[in-house]
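Scroll down for the structure; my scribbles are underneath it.
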Number of protein chains: 2
Amino acid sequence: MPYDPSAYPPFAVTVDLVVLTVRRHALCALVVRRGESPYEGRWALPGGFVQPKEGLAAAAARELEEETGLRVHESAGQSGGVHLEQLATYGDPDRDPRMRVVSVAHLVLAPDLPAPVSGGDAQTVRWAPVESLLSLEQEESREAADPALAFDHHRILADGVERARSKIEYSALATAFCPPEFTVGELRRVYEAVWGVALDPRNFHRKVTGTPGFLVPTGGTTTRQGGRPAQLFRAGGATLLNPPMLRPEV
Amino acid sequence: MPYDPSAYPPFAVTVDLVVLTVRRHALCALVVRRGESPYEGRWALPGGFVQPKEGLAAAAARELEEETGLRVHESAGQSGGVHLEQLATYGDPDRDPRMRVVSVAHLVLAPDLPAPVSGGDAQTVRWAPVESLLSLEQEESREAADPALAFDHHRILADGVERARSKIEYSALATAFCPPEFTVGELRRVYEAVWGVALDPRNFHRKVTGTPGFLVPTGGTTTRQGGRPAQLFRAGGATLLNPPMLRPEV
DNA sequence: CTGTTTATCGTCAGGCAGACGACTATGATC
DNA sequence: GATCATAGTCGTCTGCCTGACGATAAACAG
């Protein structure tokens, strides 16, 4: 099977981004409003073409910075540092009606941003709760009050959310949703938002403070959540939690 | 950013396969000898171009059947059924010296085949223990007695093996390495081969027979492993093991 | 018949998670 | 300033699961 550079089928390769954060106790994803056909006016995941001499992760990082101003830290997993990883690749022959597009989806976990989204037009880029994005799509046949996501982005988002949900079980990645310094309660609210469940504050506290390398106390305290002052922590060096955090049944 | 079908960069999209099985108590991968430049004469993972109107999983299944005669069962996870899943996508700009190739790697778990490999030339397709494939590559600078894998296939294989090792922890996928009917001991040898550790037969037996939906007794027994007759099982409907099998530390 | 091999059942101790009580230290409200 | 609401932190207890390992069972090889 010799290569003939003009004989291989014409493919376009793109990256799509599932950018997740936790805002107001809800897991939110970054979506952009499409300004062109197809799916004009619909919400879609941010993304774009991979450049000829650009790696896949580099393309994802570039698109992320173009859309949000977020910069990926090299050593992912740091608290306050944005985490980026490859999610999966979607290449159904007719996922884009215009041409054959293979999209390498990436997952980004970011802390809540004070400014909504810098670098993008506020009218066309926004955070949307994943719950509404995913549930709306389920009943796509309803009147198009809030249209569903474009292309196969519903599936990509669902896969990304599922990846995030399972990954915070056995890794320290939940700290990627937190500011550089955070309390145990704030970290617990991240788990609660991502999993959509309530956790026992006492057992959670015992678990995370008892896992070596997960949290490092900074010595400071804060009362920004109200109530008794809480210790501040940074993410420790551990990336894998063993034994894992257990997601409650059902 | 309007689409211009002639303006996007020229990409080729391929699928590569990490096909794993357990033979003679060792985890083995399918490799083919390259007959052309670059890396002529080297071993490489099987793979090929995605066709214009073909999905990624379909391309992987087609390549698998072309190289091995194996056919993927639709409902993966059945014992005796071949399991196929997407692994990851590799697209470094210079991973192939000839052109820009983005490869969507897939992971295949198959039971040990009585016939070596049907459908392929026995001289150019073979099972190789992953231990030797991976360790050889580590010392690539040694004399080229047995050259390393072509392209970035060492990394792809390593990722696939790591995926398989972690996935049998929390899923019932180990049965994909087994024939349609198998004993607890045979299943244990699968775990031991994939993880490269020895497991306690008594605790393993308690664990797998006590996990609902993992194993279904067929009523038959066999002595093909020698010793006392062992019950035969089929894979149950469960796909996720909760709690998971624990891989011994270190 | 005896030793070897593999399968299977049981026992026991330690670790960890879920349920939940108790106490502490803030700010808010009266 | 007393009281209340809110959040954080420490402990206790119980049940489940795992790792270590003893014991028995059923085949085959000599």
Side-chain angles (χ1 to χ4, degrees), chain A residues 24-25 168-170 178-179 181-193 195 197-234 238 240-250, chain B residues 24-25 168-170 178 181-193 195 197-233 238 240-250:
Chain A
R24 288 186 247 109
H25 296 200
I168 65 174
E169 286 188 57
Y170 59 88
C178 294
E181 296 197 350
F182 54 89
T183 69
V184 172
E186 290 165 348
L187 183 62
R188 175 169 48 82
R189 272 169 228 113
V190 164
Y191 274 92
E192 292 178 333
W195 284 345
V197 298
L199 299 175
D200 185 291
R202 299 155 293 190
N203 293 335
F204 183 86
H205 188 277
R206 177 184 59 191
K207 173 69 178 174
V208 297
T209 57
T211 299
F214 193 4
L215 300 184
V216 177
T218 67
T221 62
T222 183
T223 62
R224 63 186 170 217
Q225 299 291 338
R228 169 178 166 180
Q231 279 187 78
L232 284 170
F233 294 87
R234 270 197 308 271
L240 258 46
L241 305 183
N242 200 338
M245 291 284 307
L246 290 186
R247 176 160 29 165
E249 317 274 322
V250 184
Chain B
R24 286 186 248 107
H25 296 201
I168 64 173
E169 287 189 54
Y170 59 88
C178 295
E181 296 198 350
F182 53 90
T183 69
V184 172
E186 289 164 349
L187 183 63
R188 175 168 50 82
R189 272 167 227 115
V190 164
Y191 275 92
E192 291 178 333
W195 284 345
V197 298
L199 299 175
D200 185 292
R202 298 156 293 190
N203 293 335
F204 183 86
H205 188 277
R206 176 183 60 191
K207 173 69 176 172
V208 297
T209 56
T211 299
F214 193 5
L215 301 184
V216 177
T218 67
T221 60
T222 183
T223 60
R224 62 186 172 218
Q225 298 292 338
R228 169 178 164 180
Q231 278 187 80
L232 283 170
F233 295 88
L240 257 48
L241 305 183
N242 198 340
M245 291 285 307
L246 291 185
R247 176 160 30 165
E249 316 275 320
V250 184

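- Each of T183(B) and R206(B) lies near DNA chain C, and the nucleotide nearest T183(B) is the one positioned closer to the 5' end.
- Considering only side-chain N and O atoms, K207(A) lies nowhere under 4.0 angstrom from the phosphate OP1 or OP2 of dC16(C).
- N203(A) places its CG atom 14 Å from the P atom of dT12(D), with the value rounded to the nearest Å.
- R224(B) comes within contact range of no nucleotide atom at all, as no heavy-atom separation falls under 4.0 Å.
- Of the candidate nucleotides dT18(D), dC10(D), dC21(D), dT18(D) has the atom lying nearest to any side-chain atom of L246(B).
- Atom pair L187(A):CG and dA7(D):P shows a separation of 17 Å (rounding to whole Å applied).
- Side-chain atoms of Q225(A) lie closest to dA7(D) of the nucleotides dA7(D), dA27(D), dT9(D).
- The interatomic distance linking E169(B) (CD) with dT18(D) (C1') rounds to 14 Å, in whole Å.
- Distances from the side chain of R228(A) to the nucleotides dA25(D), dT24(C), dC20(C) place dT24(C) closest.
- Computed from coordinates, the F204(B) CZ to dA20(D) C1' distance equals 17 Å when rounded to whole Å.
- The side chain of R189(B) has dT6(C) as its nearest neighbour among dT18(D), dT6(C), dG18(C).
- Distance check: D200(A) CG to R206(A) CZ gives 8.5 Å after rounding to the nearest 0.5 Å.
- Computed from coordinates, the E249(A) CD to dC17(D) C1' distance equals 14 Å when rounded to whole Å.
- Proximity of H205(B) to the phosphate of dA7(C): no side-chain N or O atom is located under 4.0 Å from OP1 or OP2.
- To the nearest 0.5 Å, atom CG of residue L246(B) and atom OH of residue Y170(B) are 14.5 Å apart.
- For D200(A) and dA22(C), the CG to P distance is 15 Å, given to the nearest whole Å.
- Between the E192(B) side chain and the H25(B) main chain, no donor and acceptor come within less than 3.5 Å of each other.
- Nearest-nucleotide mapping onto DNA chain C: of P229(A) and R202(A), the residue sitting toward the 5' end is R202(A).
- For R188(A) and dT6(D), the CZ to P distance is 14 Å, given to the nearest whole Å.
- Partner of H205(B) under the side-chain contact (heavy atoms from CB on, under 4.5 Å) criterion, chosen from L199(B), T183(B), V184(B): V184(B).
- Note: CG (L199(B)) to C1' (dT18(D)) measures 13 Å, nearest angstrom.
- Counting non-hydrogen atoms of other residues, nucleotides and ligands closer than 6.0 Å to CZ of R224(A) gives a total above 12.
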